Amino acid sequence: MSAPVLPTSLIENPRLDRWIKFQADRTVRIATGKVEMGQGIVTAIGQIAAEELDVPLHRVAVLSGNTAHGPDELYTTSSLSVDVSGGSVRLVCAEVRAKALERAALRLNCSRDELTVVDGRFLQNGAATGQDYWTVAAEIDLTQNVTGATPPKPVASYKVVGQSIPRVDLPAKMSGAAFVHDVLPADVLHARTLRQPNRGATLASLDEAAIRRAAKGELQVVREANFVAFVSPVESVAQAAALAAPLHAKWDNLRRLIPEQQEAAWLKGQPSDDRHIGAPPPSKETGATPSKNLVQATFSRPYIAHASMAPSCALAEFRDGHLTVRSHGQGMHPLRQNLAAALGLPIEAITCQHLHGAGCYGHNGADDAALDAALIALRIPGRCIRLQWRREEEFGFEPVGPAMLVTLHVELDARGRPTDWTTEVWSPTHVQRPGNGTGYLLAAEAMATPPPEVAPFDPTEQRGGGGTRNALPIYDVPAHRIVHHLVLRPPVRTSALRGLGALPNVFAIESLIDDLAARIGEDPVAYRLSILSEARARRLVELVAERADWKSRGPAGTGKGFGIGFARYKNRAAYAAVVAAVTVQETVKVDRIWCVADAGLVVNPDGARNQLEGGIVQAVSWTLKEQVRLDEQGIASRDWESYPILRFSEVPDMQVEFVDPAGNAALGVGECTVGPTAAAIGNAVNHALGVRIHDMPLTRERIMAALLKA
Amino acid sequence: MDVAFTVNGEARRVDAAESTSLLEALRNHLGLMGTRYGCGQEQCGCCMVLVDGQPAYACTRELGTVADRQVMTVEGLGTPAKLHPLQRAFLDEQAGQCGYCLSGILISAKALLDRNPNPSRADVIAALDKHLCRCGAHQRILRAVERAAAALRAQETMTGRPA
């Protein structure tokens with residue numbers, strides 16, 4: 001028998017006791033390195049454990065993001081948690097269940113086959129035995145490594161997995177303290193920062209006396225090179241100091257940005273690392289020289305903010321040489337390593353515990369706030385430091401989702417079908433997560449000796465790519481390739497935003513597919529089906545067309561539009577097909593969205609549906625409204641007025657469903673709707689106006705310009 | 001400066017400068033953490049409370065202005081053990097993802113249902129439009145408010161008095 005293939009999390013964290021512990025209060029603690037960000041992962045992991053162990057859900061206590069006791073699963077990203085962490089928990093629980101039953105069989109002097117598990121209790125031929133997990137727990141050696149040899153339950157027997165269990169964390173969030181922001185020990189000190197305007201900027205002078213006058217209260221100023229923090233037992237005093245500080249600080253070595261840099265078009269021609277992925281360049285015969293069947297079009301997306309509802313926050317305490325940090329970052333083990341590197345502390349001297357924060361949708365200021373808090377804690381030992389970023393700080397200094405420019409070069413055959421496809425992408429990096437990306441925790445760059453700049457890189461194609469994510473169409477094309485220009489010096493720090501390059505790439509590809517259909521007068525759905533042979537994919541396109549009554553789609557150019565968008569996230573996770581109905585006057589109103597998705601095995605259907613819906617709303621917002629604005633100094637859009645997002649009055653009606661899965665593997669679902677939604681809106685607007693808009697967001701100015709051109 | 005006011009039906013005193021924000025007074029002095037900081041500029045609604053029954057942004061409201069007034073926070077709405085029908089409905093609809101915006105939204109919804117027990121969809125949207133939600137739970141939230149309204153009306157019919 002060949003060795004079972006273990007999920008990466010189990011290869012990295014093989015010991016059973018990193019994952020599971022039977023506790024004295026008759027609960028079982030399941031540890032995961034993945035963290036709750038509002039996506040419901042803690043509930044889903046609990047369901048998987050309860051299912052595999054046959055214990056009631058209320059006896060499962062999930063410990064999430066703890067460096068002292070839990071597994072290192074890097075960051076909570078890329079819609080991988082149910083697959084990788086859930087898959088690990090499933091194997092661990094199956095193995096521990098088998099070990100527990102072996103011990104019980106020995107005690108009861110019976111065969112293991114006579115034993116079953118009901119609500120955590122062991123029954124012998126259906127009769128009570130007095131034995132359960134907790135009576136035998138001490139005899140199970142959990143220091144052993146997982147083998148993965150115990151087969152988990154068959155999917156057909158699932159009773160808890162597949163149920164829409166309500167989220168365990170929501171009641172607290174609707175009634176009181178629930179977030180890291182809400183932890184307030186009695187002797188807490190409140191802290192705010194003065195941010196270094198850019199890497200390399202140096203603080204020439206700081207009028208502390210003036211700041212103290214503005215703060216009007218007890219204030220400590222912590223300064224380390226170009227990092228400054230204001231600390232007070234009274235939060236409003238620290239806040240007042242931080243508000244006044246920029247007026248009393250003089251910086252040297254400030255950069256100067258130019259307005260063009262906020263647009264994706266600026267990326268073209270900038271210094272870049274260039275790669276060619278896929279089929280060789282088209283040969284002379286297939287069209288190295290431009291042929292009359294070559295179609296080219298360029299699409300773009302600007303820089304996008306994560307725009308979390310809660311500015312980042314962290315707590316840090318340095319006591320007896322040990323630093324304890326509580327953070328809402330996406331990965332506590334990487335944070336611990338990054339803090340050790342930035343602070344020059346041994347890693348054993350640091351513990352990180354995740355506490356819930358607001359949704360982040362990628363890499364925002366959370367980790368940076370943790371280093372801010374830690375720097376202050378080291379200077380004021382023995383006190384708990386609560387570091388809160390201000391709203392303008394979150395907008396101004398979080399890494400943003402990179403702008404992207406996407407040019408498609410497509411050769412067509414005589415029937416108007418693509419024969420050769422090149423997606424050319426210009427994009428800054430999509431991952432500056434310290435540790436597995438190219439960046440540093442922000443305050444590290446403000447130290448006297450900042451760590452050296454690292455040449456940017458993007459997630460590998462094995463990890464789904466960054467700028468190249470979903471750059472290849474899912475359609476039947478005999479030859480396709482990606483030309484990737486990783487732009488090396490963007491004007492702002494960029495990092496992971498929900499979907500990475502999938503959003504602009506799917507927007508571009510699906511827009512062009514509609515245009516190719518239009519060239520030969522075919523219906524967009526029919527055209528797609530004519531070049532889509534994968535059965536699982538075809539089924540979704542057909543179904544969404546049926547749900548949306550696609551055949552009722554009227555003529556183009558009436559102001560009312562109907563558009564479709566389709567993709568399989570990363571070309572290997574969940575499939576989503578979306579139809580958008582829009583009304584375009586001077587602005588775009590998305591009236592209704594239909595979405596069908598195939599995510600394989602779904603642990604919590606309502607929770608997963610919530611993720612589909614959330615991705616749709618966020619994508620509507622990105623597509624219609626959002627763009628980070630720059631001025632000379634950096635990000636200028638620092639409040640909700642200059643960075644508007646979709647409101648209650650603008651959110652479309654939605655009809656969202658999962659199809660019965662065509663396979664049992666769980667396909668990550670959290671990001672699958674964003675690309676198809678943006679594409680469906682783009683195509684619906686094109687249908688409403690009879691004019692294609694290539695650049696996101698689809699604003700009033702762009703619509704007016706497109707209509708003038710038409 | 002000692003400011004006396006009523007919070008969730010209880011007489012409370014906060015010893016702080018009159019210019020202290022109501023948000024800071026509630027959170028840091030009274031330990032009521034359900035009222036949340038989102039922007040400090042009346043732009044997001046995370047800090048919404050009721051002052052004498054009217055929605056008010058706690059982030060910019062000065063403590064001195066609520067002296068002798070009635071303040072209600074989400075803690076006054078209900079607890080996980082004793083949920084208000086609005087909280088019950090939000091859980092029934094799983095109307096939320098990260099949940100950070102929800103306490104402010106629940107407060108505005110409470111103000112709406114207090115003055116209009118049978119709101120139309122447009123009424124609910126109008127009442128909540130000052131609130132931002134980044135996770136995209138809007139449709140669930142709208143359904144939850146309508147569900148709560150129906151539950152409260154049913155309760156009133158049964159008991160003959162407002163819930």
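Quick caveat, the model's predicted, so the values are computed rather than measured. First the proteins, then the strands, lettered A, B, ... as listed; each starts at 1. Side-chain atoms are counted along with the backbone in the values below, which use heavy atoms only and exclude waters and symmetry mates.
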Practice problem: Could you walk me through whether H138(B) and L646(A) pass the side chain to side chain contact (heavy atoms under 4.5 Å, CB included) test, one step at a time? | Solution: CA-CA 10 Å; H138(B) 304 72; L646(A) 208 68; 5.6 Å; no
Self-check item: Heavy-atom proximity to chain B below 4.5 Å, by part of A172(A)
Solution: backbone
Quiz item: In Å, rounded to the nearest 0.5 Å, how long is the span from CG of D639(A) to CD of E42(B)?
Solution: 12.5 Å
Quiz prompt | Side-chain heavy atoms of D182(A) within contact of R27(B), under 4.5 Å | solution = yes
Exercise. Heavy-atom distances under 4.5 Å only: say whether E394(A) touches chain B with side chain, backbone, both or neither.
Key: neither
Quiz item: Do you know which of G615(A), A358(A), S308(A) has the most heavy-atom pairs under 4.5 Å to chain B?
Solution: A358(A)
Exercise. Count the heavy-atom pairs under 4.5 Å between each of A16(B), G99(B), G38(B) and chain A, then report the option with the highest count.
Key: G38(B)
Quiz item: Within the side chain of E613(A), is there an N or O that forms a donor-acceptor pair under 3.5 Å with the backbone of A137(B)?
Solution: no
Exercise. Give, as side chain, backbone, both or neither, the part of A186(A) having an atom under 4.5 angstrom from any heavy atom of chain B.
Key: neither
Self-check item: Engaged part of L86(B) at the chain A interface, taking heavy atoms whose separation is under 4.5 Å
Solution: neither
Quiz prompt | Spacing of OH belonging to Y100(B) relative to NE2 belonging to H328(A), to within rounding of 0.5 Å | solution = 9.0 Å
Quiz item: Looking only at heavy atoms, which two atoms of Y37(B) and W389(A) are closest? And how far apart?
Solution: CE2-O, 3.7 Å
Exercise. Examine whether an atom of I141(B) lies under 4.5 Å from a heavy atom of chain A, and if so say whether it belongs to the side chain, the backbone or both; otherwise answer neither.
Key: side chain
Quiz prompt | Proximity breakdown for S621(A) and chain B, heavy-atom pairs closer than 4.5 Å | solution = side chain
Quiz item: Which bit of R386(A) comes within less than 4.5 Å of chain B, counting heavy atoms only: side chain, backbone, both or neither?
Solution: side chain
Self-check item: Distance, nearest 0.5 Å, that separates CG of D129(B) from CD of E650(A)
Solution: 7.0 Å
Quiz prompt | Minimal non-hydrogen separation, L142(B) against F648(A), with atom names | solution = CD2-CD2, 3.7 Å
Quiz item: Could you give the distance from CZ (R36(B)) to NZ (K173(A)), rounded to the nearest 0.5 Å?
Solution: 9.0 Å
Exercise. Tell me, out of S175(A), C360(A), P166(A), who's got the most heavy-atom pairs with chain B below 4.5 Å.
Key: S175(A)
Quiz item: How far does CG of L170(A) sit from CD of Q87(B), to the nearest 0.5 angstrom?
Solution: 11.5 Å
Practice problem: Any chance you could measure S21(B), atom OG, to Q239(A), atom CD, to the nearest 0.5 Å? | Solution: 9.0 Å
Quiz item: For M37(A), is it the side chain, the backbone, both, or neither that has a heavy atom closer than 4.5 Å to a heavy atom of chain B?
Solution: backbone
Quiz prompt | Contact origin within A95(B) toward chain A - heavy atom pairs under 4.5 Å | solution = backbone
Quiz item: Is it the side chain or the backbone of C46(B) that comes within 4.5 Å of chain A heavy atoms, both, or neither?
Solution: side chain
Practice problem: Please flag which part of H306(A) lies under 4.5 Å from any non-hydrogen atom of chain B: side chain, backbone, both or neither. | Solution: backbone
Self-check item: Side-chain heavy-atom pair C135(B), M309(A) within 4.5 angstrom cut-off
Solution: no
Self-check item: Part of V620(A) within contact of chain B (heavy atom distance under 4.5 Å)
Solution: neither
Exercise. Give, as side chain, backbone, both or neither, the part of Q41(B) having an atom under 4.5 angstrom from any heavy atom of chain A.
Key: side chain
Self-check item: Side chain, backbone, both or neither of Y361(A) within contact of chain B (heavy atoms, under 4.5 Å)
Solution: side chain
Self-check item: Pair Q94(B), D606(A): side-chain N/O donor-acceptor within cut-off below 3.5 Å
Solution: no
Self-check item: Residue among C98(B), G34(B), G136(B) with most heavy-atom pairs under 4.5 Å to chain A
Solution: C98(B)
Quiz item: For chain B, which of G607(A), A177(A), A178(A), S649(A) has the most heavy-atom pairs under 4.5 Å?
Solution: S649(A)
Quiz prompt | Best-contacting candidate, L32(B), V74(B), T79(B), L132(B), against chain A by heavy atom pairs under 4.5 angstrom | solution = L132(B)
Self-check item: E641(A) side chain vs Q43(B) backbone, donor-acceptor pair below 3.5 Å
Solution: no
Quiz item: Do you know which of L91(B), V124(B), L102(B) has the most heavy-atom pairs with chain A at a distance under 4.5 angstrom?
Solution: L91(B)
Quiz prompt | Under 4.5 Å from any heavy atom of chain A - which part of H84(B) | solution = neither
Exercise. Find the one option among E24(B), R140(B), Q139(B) whose heavy-atom pairs under 4.5 Å with chain A are most numerous.
Key: R140(B)
Practice problem: State, with a plain yes or no, whether a side-chain heavy atom of Q618(A) is found less than 4.5 Å away from one of R134(B). | Solution: yes
